[in-house]
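Worksheet: the structure to be examined is printed underneath.
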Amino acid sequence: MTNTRWTEADFESLSWHDNHVYGLSIREGAYGSGRLVLDLDYITEWRCGLDKRCSFLLAPLTLPLRRLRTSR
C-alpha cells in the first residue's frame, strides 16, 4: 500500500481480515448516541514465502465508528 492516511472513502476497499484488535472504548455522545473506537494493528502487506510461512507489515490504526445506537 502506498497510502499513509485513509478516510471514510477508502473504507470499502480495505481488507479487515486477520487484523488484531488490541483496544476498544465506547465514548458517550449527545442524545444517547455514542462512538465505538477500535485500536488495531492493520495489515498493510502479507509476505508469504514458498515454505508457506507468512510475515506481515503492520500499521497502527484507530478506527472510530460513529452513529451508534442501542437496539432497544
Side-chain angles (χ1 to χ4, degrees):
M1 296 190 128
T2 57
N3 286 3
T4 57
R5 185 171 176 89
W6 295 277
T7 67
E8 287 181 29
D10 301 305
F11 188 85
E12 293 297 325
S13 67
L14 297 171
S15 172
W16 300 101
H17 179 72
D18 285 335
N19 292 290
H20 179 76
V21 176
Y22 62 86
L24 67 90
S25 64
I26 300 172
R27 299 183 186 158
E28 187 176 353
Y31 308 108
S33 68
R35 179 181 291 191
L36 174 65
V37 179
L38 301 175
D39 291 317
L40 41 100
D41 290 328
Y42 185 78
I43 299 171
T44 61
E45 184 179 334
W46 290 61
R47 295 180 171 181
C48 297
L50 296 176
D51 61 357
K52 298 187 180 182
R53 291 180 176 247
C54 294
S55 62
F56 312 96
L57 290 180
L58 302 175
L61 174 70
T62 299
L63 179 63
L65 302 170
R66 292 180 218 112
R67 295 186 278 296
L68 300 176
R69 294 180 185 88
T70 61
S71 59
R72 293 184 205 175

Sorted by chain and residue number, the side chain to side chain donor-acceptor pair (under 3.5 Å) partners of Arg47 (sequence neighbours excluded) come out as Glu45
Evaluate the side-chain proximity of Ile43 to Leu58: yes if any heavy-atom separation is below 4.5 Å, no if none is.
yes
Minimal heavy-atom distance between Ser13 and Asp10, with the atoms involved, is OG-O, 2.8 Å
When rounded to the nearest 0.5 Å, the distance separating CG of Leu50 from SG of Cys48 is 10.5 Å
Next item on the list: Determine, using the 4.5 Å side-chain heavy-atom cutoff (strictly less than), whether Leu61 and Leu36 are members of one ILVMFWY cluster.
Entry: yes
Transitively linked via ILVMFWY side-chain contacts under 4.5 Å: Leu63 with Leu14?
yes
Note: Asn19 and Leu40 closest approach over all heavy atoms is CB-CD1, 4.3 Å
Note to self: When you group the ILVMFWY residues by side-chain heavy-atom contacts below 4.5 Å and let the links chain together, are Leu65 and Ile26 in the same group?
What the structure shows: yes
### Message
With a 3.5 Å distance limit and no angle check, can you tell me whether Tyr42 reaches the backbone of Ser15 through a side-chain donor-acceptor pair?
### Response
yes
So Asp18 and Phe56, do their side chains get closer than 4.5 Å, heavy atoms only? no
Check: Are Leu38 and Tyr22 grouped together when hydrophobic residues (ILVMFWY) are joined by side-chain heavy atoms under 4.5 angstrom apart?
Finding: no
